[in-house]
Amino acid sequence: MRQIMIGLAGILGTVLLTGCATQIKQVKNLEITERAHTLVLSVWPKQDEQALATVHCSGGHRCQFTTLNHIQLIDRQTGRPTEDANRATVLRYESMSKMRYAPYYLAVAAGLHELRVQFYPITLERAEQFTLIHDFKSGRQYQLNLFRDRQPKVDSLLSMAAPDPLCVDLIENTHVIRRFCRPFDPETGLGEFIEAQLPSQMG
């Protein structure tokens, strides 16, 4: 009888220990899941899409956003979004109507941002680097559009041979609010984008 009682106590103890181990394991798994969930929430915070400003690019053969502030957006080797860009959740797929110019656009929080864009005016072999620092407003749609500012030619061989300046307009909703142009330098063949006055600002 004593042996039977000892045997039952051993079995009961084993069952209790097994149940306890299972409970501890479940608690640990729950803690890991909660920590992982917290990590996900901290890396990919929920954003109110209506409060964001969207920034698109167009013009030339192609364009793409390369950096936002200090975040490298596109991997130079693969042409795909970087891990940092995915964590920041700032890139969105562009609509099919604008896919010809860029596969992605930006969705950023309101405030001052520095954007760097690569434009390809003619071919993918030569890129034009453009940097913009701007205070973006929430809920607004912005577009950076590259174009050539057709200038009247004067009667000189140098003027006739010089290409028209490249310009980039910053459009907010439907209005051009800033313009940057890169005049042709006959000595170097290059120049920097300089902010220009809009026709509405002259006079």
Side-chain angles (χ1 to χ4, degrees), residues 52-69 71-82 85 90-108 112-137 140-203:
L52 299 177
T54 61
V55 192
H56 306 255
C57 69
S58 63
H61 185 70
R62 196 182 178 95
C63 59
Q64 69 176 15
F65 295 98
T66 56
T67 61
L68 169 66
N69 302 326
I71 301 172
Q72 187 73 32
L73 298 175
I74 301 295
D75 188 296
R76 294 176 182 176
Q77 301 298 322
T78 65
R80 303 288 296 170
T82 62
V90 292
L91 287 176
R92 304 283 190 275
Y93 280 108
E94 189 58 274
S95 65
M96 292 302 294
S97 62
K98 296 181 181 177
M99 190 68 76
R100 173 189 165 221
Y101 297 112
Y104 306 100
Y105 68 94
L106 293 177
V108 298
L112 194 68
H113 296 287
E114 179 184 89
L115 311 180
R116 292 188 180 178
V117 192
Q118 281 186 338
F119 286 100
Y120 299 86
I122 302 172
T123 67
L124 293 177
E125 279 68 46
R126 181 172 176 177
E128 296 286 348
Q129 309 290 336
F130 177 76
T131 302
L132 171 73
I133 298 174
H134 187 73
D135 188 8
F136 294 93
K137 309 300 181 186
R140 306 286 177 87
Q141 185 177 96
Y142 296 86
Q143 182 158 327
L144 289 165
N145 182 56
L146 177 78
F147 67 98
R148 283 203 179 274
D149 187 16
R150 302 298 178 187
Q151 298 286 333
K153 303 293 184 180
V154 297
D155 293 332
S156 72
L157 290 176
L158 185 61
S159 174
M160 296 295 288
D164 293 312
L166 276 175
C167 295
V168 177
D169 275 353
L170 176 62
I171 304 167
E172 183 182 81
N173 291 340
T174 59
H175 300 288
V176 177
I177 58 172
R178 298 177 74 182
R179 176 170 293 169
F180 303 83
C181 291
R182 196 198 71 179
F184 179 74
D185 186 336
E187 293 185 4
T188 64
L190 300 173
E192 295 182 357
F193 282 97
I194 301 170
E195 187 159 10
Q197 274 192 319
L198 296 170
S200 59
Q201 298 170 339
M202 295 179 180

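Along the sequence shown, residues carry numbers from 1.
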Under 4.5 Å between any side-chain heavy atoms of [X] and [Y], yes or no?
| X | Y | answer |
| --- | --- | --- |
| Leu73 | Pro81 | no |
| Leu91 | Leu106 | yes |
| His56 | Leu144 | no |
| Gln72 | Ile74 | no |

*Does one side chain, of Ser58 or Asn145, offer a donor that lies under 3.5 Å from an acceptor on the other?*
yes

Which value, rounded to the nearest 0.5 Å, describes the distance between [X] atom [atom1] and [Y] atom [atom2]?
| X | Y | atom1 | atom2 | result |
| --- | --- | --- | --- | --- |
| Leu52 | Lys137 | CG | NZ | 15.0 Å |
| Thr123 | Arg62 | OG1 | CZ | 13.0 Å |
| Arg182 | Phe119 | CZ | CZ | 12.5 Å |
| Phe193 | Gln129 | CZ | CD | 9.5 Å |
| Thr131 | Leu115 | OG1 | CG | 9.0 Å |

Contacts of [X] that satisfy side-chain hydrogen bond (donor to acceptor under 3.5 Å, both in side chains) - sequence neighbours left out:
| X | result |
| --- | --- |
| Gln77 | none |
| Ser95 | Ser97 |
| Thr66 | none |

What's the shortest heavy-atom distance between [X] and [Y], and which atoms?
| X | Y | answer |
| --- | --- | --- |
| Ile71 | Ala85 | CG2-N, 4.1 Å |
| Ala102 | Cys63 | CB-O, 3.2 Å |
| Val55 | Phe136 | CG2-CE2, 3.8 Å |
| Leu68 | Val90 | CD2-CG1, 3.8 Å |

_Chi angles and distances behind the ring-ring contact (aromatic ring centres under 6.0 Å, His included) call for Tyr104, Phe65_ = CA-CA 8 Å; Tyr104 306 100; Phe65 295 98; 9.8 Å; no

Identify every side-chain donor-acceptor pair in residues 171-181 under 3.5 Å, counting partners at least two apart or on other chains, and give the distances.
residue: Glu172; atom: OE1; partner: Arg140; partner atom: NH1; Å: 3.0
residue: Glu172; atom: OE2; partner: Tyr142; partner atom: OH; Å: 2.8
residue: Asn173; atom: OD1; partner: Gln141; partner atom: N; Å: 3.1
residue: Arg178; atom: NE; partner: Glu195; partner atom: OE2; Å: 3.0
residue: Arg178; atom: NH1; partner: Ile133; partner atom: O; Å: 3.0
residue: Arg178; atom: NH1; partner: His134; partner atom: ND1; Å: 3.1
residue: Arg178; atom: NH2; partner: Glu195; partner atom: OE1; Å: 2.9
residue: Arg179; atom: NE; partner: Asp169; partner atom: OD1; Å: 2.6
residue: Arg179; atom: NH2; partner: Asp169; partner atom: OD2; Å: 3.0

*Identify, with sequence neighbours excluded, every residue that meets salt bridge (Lys or Arg N to Asp or Glu O under 4.0 Å) alongside Lys98.*
none

_Qualifying residues under salt bridge (Lys or Arg N to Asp or Glu O under 4.0 Å), relative to Arg80, sequence neighbours excluded_ = none

*How far apart are the C-alpha atoms of Glu128 and Arg126, what are their side-chain angles, what is the distance that settles it, and do they pass the side-chain contact (heavy atoms from CB on, under 4.5 Å) test?*
CA-CA 7 Å; Glu128 296 286 348; Arg126 181 172 176 177; 3.9 Å; yes

*Taking the six-membered ring for Trp, are His61 and Tyr120 ring centroids under 6.0 Å apart?*
no

_Can you tell whether the side chains of Glu114 and Arg116 come within less than 4.0 Å, N to carboxylate O?_
yes

